[in-house]
Amino acid sequence: MSKYPFHQIEKKWQQHWEEHKTFRAKEDPSVPRERRAYVLDMFPYPSGSGLHVGHPEGYTATDIYCRYLRMKGYNVLHPMGFDSFGLPAENYAITTGTHPRITTEQNIEKFRSQIKGLGFSYDWDREVSTHTPEYYRWTQWIFLQLFKRGLAYESDTPINWCPDCLTGLANEEVIDGACDRCGTQVRRKTIRQWILKITEYADRLLEDLEKLDWSDAIKAMQRNWIGRSEGANVRFSVERSEETLSVYTTRPDTLFGATYMVLAPEHPLVKKITSDEQREAVEAYLEKAEKKSDLERTDLAKEKTGVFSGAYAVNPVNGKSIPIWIADYVLISYGSGAIMAVPGHDQRDWEYARKYHIPVVEVVQGGDVEQEAYEGTGINVNSGFLDGLQTEEAIESMINWLESKGLGERAVNYKLRDWVFSRQRYWGEPIPLVHCSSCGIVPVPEENLPLMLPEVDSYTPSGTGESPLAKIDDWVNTSCPNCGEAAKRETNTMPQWAGSCWYYLRYLDPRNDQEFASQECIDYWMPVNLYVGGAEHAVLHLLYARFWHKVLYDLGKVNTKEPFMRLVNQGMITSYAYQRRDKSLVPHDEVEETESGAYVEKHTREPVEPVVAKMSKSLKNVINPDEIIESYGADSMRMYEMFMGPLQVSKPWSTKGLTGVYRFLDRVWRLSQREVTDGQPPQHLLKLLHKTIKKVSVDTGNLDFNTAIAQMMVYINELFKQEGLCRSLWEPFILILAPYAPHLAEELYQQLGHHSSLAYAEWPGWDEQLCREEETEVVFQVNGKVRAKVMMSADADEQAMKQSALDHEKIRKWIDGRDIVKTIAVPKKLVNIVVK
RNA sequence: GCGAGAGUGGUGAAAUUGGCAGACACGCUAGACUUAGGAUCUAGUGCCUUACGGCGUAAGGGUUCAAGUCCCUUCUCUCGCACCA
């Protein structure tokens with residue numbers, strides 16, 4: 001066993017912090033606003049498999065940052081909790097009959113102890129779990145506010161139905177046509193759903209992104225998801241019919257080029273306008289389209305299919321009669337579910353027109369519409385009153401024309417769709433509404449919240465689309481809060497996103513039973529200064545949370561338009577796996593290393609190559625943090641995760657690599673066993689100390705933890721070479737090590753005679769004078785190639801540098817007898833002599 | 001297909017404004033030492049070359065006294081979106 005007693009040290013200090021409530025955050029009004037920091041981690045779903053090495057990465061990063069800020073004198077709020085409603089616990093309940101609360105709370109227990117084992121400086125007094133009635137009371141309360149503002153509505157729209165989970169899924173939860181959770185192929189089913197009108201906030205969600213200190217990549221993803229576009233709605237009349245057909249277009253300037261129209265198969269007008277001759281063909285096509293899953297409909301994009309409806313519309317600008325087709329390349333869920341097709345200037349329409357021999361008309365110059373659609377801008381032709389106009393003017397002119405004739409108007413469209421908010425599930429927040437036959441939908445009075453999740457006999461969904469709650473008659477049957485007559489409760493529950501939409505607010509005031517959080521606490525801490533989590537939540541969670549926050553802002557309940565000022569996404573921690581020649585992957589335990597250092601598959605002796613892959617159970621390359629902590633200690637685990645590389649990029653785990661930081665900490669420990677003296681330290685070490693303090697301070701503030709650690713290693717390697725141990729070189733180092741390896745640092749700090757925790761000790765400053773070098777190495781180059789290196793005074797001027805280079809004997813060898821064209825000197829760096 | 005990002009030793013990676021490519025760590029090699037440990041310590045370690053020196057940041061080209069860094073072309077990988085009218 002090692003000399004470094006991390007087991008003992010880590011246990012001791014974790015107990016100390018817990019007993020002394022070292023990291024409790026208080027709303028101290030004497031701390032000015034700019035010295036307060038709210039640093040937030042994305043809270044975990046407490047799954048049955050416990051923590052994996054990915055969780056501690058972000059948590060370690062924020063912990064280091066928080067510990068650093070505390071030592072810099074900041075008042076820091078750093079809470080942790082659990083996103084504890086969710087499908088796995090319920091699916092487990094369905095198969096075993098165990099109440100999801102029981103499994104969930106066991107899992108929370110396990111997660112909490114694992115997280116505590118890493119020595120994170122959370123204020124545990126603020127812990128929240130979304131499944132507790134004290135918490136979901138306020139989730140329900142916020143839902144009621146949305147409902148009262150008209151932001152929640154019922155709709156019978158077709159939804160994505162997972163036949164395995166027997167539940168509806170939001171569009172966003174369907175990945176490649178399969179259920180996000182269980183992978184089952186999703187089907188369409190029509191069901192009554194609660195929907196939240198997030199689209200009403202689309203513009204603000206888009207605009208307010210500007211102010212946020214988020215990566216451009218994440219902002220771009222959100223922008224893309226919201227998908228705002230500007231254009232016009234145009235109404236076409238249908239020949240021999242009273243109907244009008246409304247379409248959305250971003251290119252009203254191409255209206256003269258619209259030679260046909262297309263309806264999505266689900267469009268309500270399809271049945272009304274289809275002619276008798278075409279009815280059979282249309283019905284056959286509709287049936288085919290219905291059977292296609294979304295996956296097929298999007299994947300079969302290469303070959304567009306459709307059918308003529310037999311009906312014609314009138315192009316309002318030129319009175320021409322144009323055919324109306326039905327095709328599934330038009331989506332019912334975007335725009336009006338119908339388009340005007342301009343084959344000259346839209347590639348999809350072009351392909352379709354070619355296939356069905358529909359005329360292609362050029363109305364914007366710039367391409368060759370015989371070869372392909374021209375989607376760019378240019379001068380309008382064949383366009384009546386638009387002829388000769390540039391695209392931008394043509395668009396304006398056409399919109400004005402449409403508006404003046406009452407045939408259309410300027411319009412904005414979004415890809416973003418409203419949020420399907422109900423789940424036919426047991427393990428979620430009950431939606432606090434009552435259906436009354438005379439009063440309609442009535443909210444449960446706020447003073448009666450929480451609406452408790454009742455106990456049930458069976459967690460199995462009814463299979464009809466209703467949640468297990470529908471089977472409990474004495475819960476479902478209630479009286480109307482309004483008129484007192486018999487009424488029925490809403491039996492849908494909320495999705496898992498609900499609880500995570502506002503948890504960062506509950507941490508501010510977690511035991512408040514009067515409101516979700518007091519104004520004082522919100523004012524004191526908000527907004528979140530730094531939010532760290534996985535990129536997988538880049539769109540959904542962050543968009544939903546921002547939406548709820550804006551609603552609360554409109555209600556006057558929060559003081560900021562945006563909840564999270566700075567967002568950092570940590571990269572994924574991957575692992576090595578082994579790959580056969582045919583690129584298939586081999587599980588970890590079926591590979592062994594040969595004597596020559598190559599890898600072979602055990603039973604076939606086939607050579608395999610190590611490659612980086614996601615950790616997965618099937619590849620058996622999952623790293624368990626408990627084992628790492630047991631063998632190397634939490635401080636090593638923390639430091640290694642930060643040493644691997646930049647926080648934001650994904651990087652492969654290597655337990656061998658971890659031994660590097662373990663050895664470093666062991667070396668620090670062995671240093672501490674030397675006698676500490678009070679003498680004057682050697683100048684070169686003092687200078688190195690100050691450079692180290694500077695680099696660690698700057699890098700920690702920028703979350704560049706890997707380079708900060710490297711610098712501490714450099715320092716310790718030098719310090720180790722010196723005999724003895726100078727207190728003035730040692731104590732500041734312990735303080736800068738503290739955020740990274742807090743257990744060891746506390747122990748060493750105590751060894752130096754301190755009696756309290758270093759958690760609030762003053763972060764050491766550095767002396768800029770000592771960080772400066774009097775002498776630097778200067779490179780002499782001839783034609784850009786390094787020919788000599790010399791030490792020179794840092795303030796040598798360019799002239800002196802040039803002269804010294806020209807006089808240098810190695811340089812003379814290269815320049816003698818040649819013409820010097822030019823000489824460049826860069827102070828402290830180099831001299832370059834250009835010769836011919 | 002579109003969009004974003006990335007390609008640096010055997011490996012993870014460093015490298016203000018263009019200014020010594022490879023810090024730090026793993027691994028490897030040699031030696032020392034021993035309380036034989038998951039040790040530890042010392043030295044070495046980009047490639048070619050006995051040396052002088054040459055070549056090296058995915059490939060090719062360009063700008064510059066000087067390019068990992070700036071510009072152009074190509075390739076590969078990762079992520080996101082996927083008929084958004």
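Only heavy atoms go into these numbers, but all of them, side chains included; no hydrogens, no water, no symmetry mates.
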Does [N] pair with anything, Watson-Crick or G-U wobble, both distances under 3.5 Å, and if so, with which nucleotide?
{"N": "B:G5", "value": "B:C77"}
{"N": "B:U34", "value": "none"}
{"N": "B:U45", "value": "B:G27"}

Heavy atoms under 4.0 Å, any strand shown: does [X] hit a base, just sugar-phosphate, or nothing?
{"X": "A:V826", "answer": "base"}
{"X": "A:D346", "answer": "nothing"}
{"X": "A:S654", "answer": "nothing"}
{"X": "A:V834", "answer": "sugar-phosphate"}
{"X": "A:N717", "answer": "sugar-phosphate"}

Below the 4.0 Å mark, does [N] have OP1 or OP2 next to a side-chain nitrogen or oxygen of [X]?
{"X": "A:R787", "N": "B:G54", "result": "yes"}
{"X": "A:K785", "N": "B:C55", "result": "yes"}
{"X": "A:R667", "N": "B:C41", "result": "yes"}
{"X": "A:K829", "N": "B:G19", "result": "no"}
{"X": "A:Y248", "N": "B:A85", "result": "no"}
{"X": "A:R251", "N": "B:A85", "result": "no"}
{"X": "A:R663", "N": "B:G27", "result": "yes"}

What nucleotide, of [options], holds the atom closest to the side chain of [X]?
{"X": "A:K651", "options": "B:A85, B:A13, B:A25", "answer": "B:A13"}
{"X": "A:N706", "options": "B:A85, B:A14, B:U40", "answer": "B:A14"}
{"X": "A:R670", "options": "B:U40, B:C20, B:C26", "answer": "B:U40"}
{"X": "A:D328", "options": "B:C20, B:C83, B:G12", "answer": "B:C83"}
{"X": "A:P652", "options": "B:G12, B:A85, B:C26", "answer": "B:G12"}
{"X": "A:N224", "options": "B:C81, B:C20, B:A85", "answer": "B:C81"}
{"X": "A:T707", "options": "B:G54, B:A15, B:C65", "answer": "B:A15"}
{"X": "A:V779", "options": "B:C26, B:C20, B:A13", "answer": "B:C20"}

Worksheet item: Syn versus anti for B:G9, judged by chi lying within 90° of 0?
Response: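 Syn, since the glycosidic angle lies within 90° of 0.
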
Can you check whether any acceptor in the base of B:C20 is under 3.5 Å from a donor in the side chain of A:E777, or vice versa?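 Yes.
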
Handout entry: N/O donor-acceptor pair, side chain A:K304 with base B:C83, under 3.5 angstrom
Key =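 Checked by distance alone, the answer is yes.
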
Q: Please list, chain by chain and in numerical order, all residues satisfying salt bridge (Lys or Arg N to Asp or Glu O under 4.0 Å) with A:K355, sequence neighbours excluded.
A: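 With sequence neighbours excluded, A:K355 shows a salt bridge (Lys or Arg N to Asp or Glu O under 4.0 Å) to A:E303, given in chain and number order.
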
Pairwise [atom1] distance, [M] and [N] [rounded to whole Å]:
{"N": "B:G60", "M": "B:G9", "atom1": "C1'", "answer": "23 Å"}
{"N": "B:G56", "M": "B:C20", "atom1": "C1'", "answer": "14 Å"}
{"N": "B:G22", "M": "B:A67", "atom1": "P", "answer": "16 Å"}

Discussion item. Determine whether the aromatic ring centres of residues A:Y260 and A:Y356 are separated by less than 6.0 angstrom.
Written reply: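 When the ring centroids of A:Y356 and A:Y260 are compared, they turn out to be at least 6.0 Å apart.
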
Partner set under ring-ring contact (aromatic ring centres under 6.0 Å, His included) for A:F256, not counting sequence neighbours:
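Per chain and number, A:F256 pairs via ring-ring contact (aromatic ring centres under 6.0 Å, His included) with A:F385.
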
Does the distance from a Lys or Arg side-chain N to an Asp or Glu carboxylate O, for [X] and [Y], drop under 4.0 Å?
{"X": "A:K694", "Y": "A:E768", "answer": "yes"}
{"X": "A:K721", "Y": "A:E718", "answer": "yes"}
{"X": "A:R787", "Y": "A:E809", "answer": "no"}

If we ignore hydrogens and angles and just use 3.5 Å, is the side chain of A:R354 paired with the main-chain N or O of A:P343 as donor and acceptor?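 Flag not set: sc A:R354 to bb A:P343 has no pair under 3.5 Å.
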
